[in-house]
Protein chains: 4
Amino acid sequence: MRGRPRDPRVEEAILRATLDLLAESGYTRLSIEAVARRAAVSRPTVYLRWRSKAHLVHEAVFPDMTAEELPVPANATFAEDVRHLVDGAVVYLSRPEVLAATPALMAEFADDPQLHRLMAARLDDRIRARLREHVAGAVARGEVRAGLDADVLLDAITGSVLFMLLIRPADAHRFAGALTDLLLHGLLTP
Amino acid sequence: MRGRPRDPRVEEAILRATLDLLAESGYTRLSIEAVARRAAVSRPTVYLRWRSKAHLVHEAVFPDMTAEELPVPANATFAEDVRHLVDGAVVYLSRPEVLAATPALMAEFADDPQLHRLMAARLDDRIRARLREHVAGAVARGEVRAGLDADVLLDAITGSVLFMLLIRPADAHRFAGALTDLLLHGLLTP
Amino acid sequence: MRGRPRDPRVEEAILRATLDLLAESGYTRLSIEAVARRAAVSRPTVYLRWRSKAHLVHEAVFPDMTAEELPVPANATFAEDVRHLVDGAVVYLSRPEVLAATPALMAEFADDPQLHRLMAARLDDRIRARLREHVAGAVARGEVRAGLDADVLLDAITGSVLFMLLIRPADAHRFAGALTDLLLHGLLTP
Amino acid sequence: MRGRPRDPRVEEAILRATLDLLAESGYTRLSIEAVARRAAVSRPTVYLRWRSKAHLVHEAVFPDMTAEELPVPANATFAEDVRHLVDGAVVYLSRPEVLAATPALMAEFADDPQLHRLMAARLDDRIRARLREHVAGAVARGEVRAGLDADVLLDAITGSVLFMLLIRPADAHRFAGALTDLLLHGLLTP
DNA sequence: TTTTAAGCGAGACGGTACGTCCAGTCTTAAG
DNA sequence: CTTAAGACTGGACGTACCGTCTCGCTTAAAA
């Protein structure tokens, strides 16, 4: 490690400012200029760490956590697990910074394949991998229909909740239960 | 109607340019400046018709169609209908302009409640209303579990497909079938 | 002529601010940023008219005058004319804006051939052309040695005065007389 | 003398890089950053030796030579000496680094009085002092008009040549002779 | 020999300015 | 009397350098 080491307080202050501004003003109105100002840091210092607003926001909203992440609680039954997953998705995605950042970052994918890869990989490593194992266990125990694709389940949970929160947030409180039932039992009469 | 009449070709050219640029460069890189340039029109001419980039894109990507829209085909069984809905969502949301515009417009909701209302209403009037009737019929015929919320179903289909297309488009071809099965039968073993 | 016409007060204010800042802070410390601020104008508005700091300063310090320029006064004798030319050069080049701008613009020639051509041409059209005629007349009258090159004379006057003002301005008040004598009679004993 | 001694190759490399970049790109485009890069040296190392770009360039272009400098050749007649001085000025000031640096350094005088003093003193000690003696001798011998100011003569030579080289270098080859004649004999008919 | 002061490279950092792009609003002439 | 084009303010972009700083490592004279 050569050269003057980075001051960790700088990084903290920038990420903190990013989250605050995201929650206050949304993604579009967030500017690197404003983040730097709020963090009492110069603009070039921000660019020293993140190549763009999108990367900065990604880091702030989806930090590269290790194992202490929320993931896949182990309850008595897989049905309970699904219920917890859906509830967790609603809670997490409802946070103003997260709700503001997620669709915006996805909109940037077209312009920034690197961001796409980074975000997909982070989700994959953290969440999908565990859910796959979890589903495999439940299938082995006979709880879950063989052939269930864990990735499809995750997309169904995350995508449905996100879309609902964005397009008709008034229904958020009733949504989790209904979605859970749909995913567990399907819509056809038995 | 006094004064010089609007040239209808101007409107066409602007919307055409918007769709082209969306598909080519994505939402972020699309600017009203660039649209005006491509449409061989001045910037104020665009502002005369649409209040912002978001409204312009909304008009271009989700035009205010009447009844000739794709929605809710009536097949022999409701299961068939669901399958068609999912397939249709994949096809429609895969179009580059649509895929680029949708998350971006959703990201603008925070800054522009009017846009939010407009987009939600358009979806509601066109699609949700019909799906509600359709579900009611299927429930009455005993095909579908009583208590199924048509809005939840729609969010589940649209949200899941959109999320999948954005985050891991490589799986698009296998997704529709798996999602349809999950929605029809649920994930638990019968 | 379509569109909104340029506001002439904008041009005035920018040139005025440029001259003021030149005199106050010199060329290096002058920034387009500061000029815009002082002129109460936005930076892009400055760039709308001049491509660089050098071109702006050139316009401000050496405006494209027509005939009302100082040039080549017609006195009783050519010797008197030379004396006036030297005095005029001292007075003009002593002005802080001019003294600050001239060497700086010349230093930019290496980077900006267009500026070089512009500045040379402006000097040529305004001053050199007239001095050539004037010298020709004096030669015809027998006042001046045949073969005197008017351009060399101009360079000798301007260059000597400028160099002196820059390198040892303390001598400015004694310089004009000494230089005039040297140019008129030469340094050799008769 | 404690501590690690300075590596003399570092100084050399920096000055070499400075001269090269001056000749290639001119003074404005020269940056300490670029010099350091070219000399394979870190930026702080440059600042360890010179306070600014101007001082660095001054050192590179006008090094503090002692007696082996070009000045004031002693020929048979003073007229010959003048001719040599003018020719020497043309040759020296034509070198690209010198021609690029000279006006730029003069432009910095306004911001940096120390640089002004340094440069004036170096010229004074090296050249003016000798020329004064030389002129005194020629006056004593009766070759040169009494009252000739050696400093004015030096300014006339240096300033005229420099101005000509900067503003209309195309005439460089014809200039020396014409200027010499003018300085020796004056412009009036005898 | 072991200090120990300086040289040096690398990089971080707060600044300032750059030149550009775009957003919106205005002013004017054309239709 | 609206449409349409250019001028204009203003904000932000991403980059280049500046000059200073903190490190860690190297070098060689002094202790």
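Heavy-atom basis, side chains included; hydrogens, waters and symmetry copies ignored. Keep in mind that what you see is a predicted model, and the values were worked out from it rather than measured.
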_Can you measure C:Arg6 atom CZ to F:dA5 atom P for me and round it to whole angstrom units?_
18 Å
*Give the rounded distance in Å between these two atoms: CZ of A:Arg9 and P of E:dG14.*
10 Å
*Do C:Pro169 and D:His116 have side-chain heavy atoms sitting under 4.5 Å apart?*
yes
*Round to the nearest Å and state the distance from A:Asp111 atom CG to E:dC21 atom C1'.*
15 Å
_From A:Arg43 atom CZ to A:Leu48 atom CG, the distance as rounded to the nearest 0.5 Å_ = 14.0 Å
*Calculate the interatomic distance between A:Asp7 atom CG and F:dC23 atom C1'; express it in whole Å.*
13 Å
*I would like to know whether D:Gln114 and D:Arg51 meet side-chain contact (heavy atoms from CB on, under 4.5 Å); could you show each step before the answer?*
CA-CA 11 Å; D:Gln114 185 185 331; D:Arg51 356 182 5 266; 3.8 Å; yes
*Closest non-hydrogen atom pair, B:Leu22 against B:Leu30*: N-CD1, 4.0 Å
*asked:* Quick test of your reading: applying ring-ring contact (aromatic ring centres under 6.0 Å, His included), list the pairs with at least one residue in residues 8-58 of chain C, sequence neighbours left out, ordered by first then second residue.
replied: C:His58-C:Phe62
*Over all heavy atoms of both residues, which pair between C:Ala36 and C:Ser42 is shortest? Give the atoms and the distance, please.*
CB-C, 4.0 Å
*When rounded to the nearest 0.5 angstrom, what is the spacing between OG1 in A:Thr18 and NZ in A:Lys53?*
11.0 Å
*Can you find a heavy atom in the side chain of C:Leu99 that is under 4.5 Å from one in the side chain of C:Leu162?*
yes
*Of all of residues 43-60 of chain D, which get a heavy atom below 4.0 angstrom from DNA chain F, listed by number?*
D:Arg43, D:Pro44, D:Tyr47
With the criterion being N/O to N/O and under 3.5 Å, what pairs connect the protein with nucleotides 25-28 of chain F, and how long is each?
unit_1: F:dT26; atom_1: O2; unit_2: D:Arg4; atom_2: NH1; d: 3.0

_Neighbours of DNA chain E within residues 14-28 of chain A, by heavy-atom distance under 4.0 Å_ = none
*Starting at CZ of C:Arg95, measure out to OG1 of C:Thr102 and round the result to the nearest 0.5 Å.*
10.0 Å
*In residues 31-41 of chain C, what residues come within less than 4.0 Å of DNA chain E, judged by heavy atoms?*
C:Ser31, C:Ile32, C:Glu33
*Can you name the nearest heavy-atom pair linking C:Leu105 to C:Ala54, along with the distance?*
CD2-O, 3.4 Å
*May I have all residue pairs that pass salt bridge (charged side-chain N to carboxylate O under 4.0 Å, His left out) and include part of residues 98-111 of chain C, sequence neighbours excluded?*
C:Asp111-D:Arg29
*OP1, OP2 of F:dA4 versus side-chain N and O of B:Ser42: anything below 4.0 Å?*
no
*asked:* Between C:Arg49 and C:Glu11 (salt bridge meaning N to carboxylate O under 4.0 Å), is one present in this structure?
replied: yes
*Do D:Leu15 and D:Leu19 have side chains that get closer than 4.5 Å, going by heavy atoms?*
no
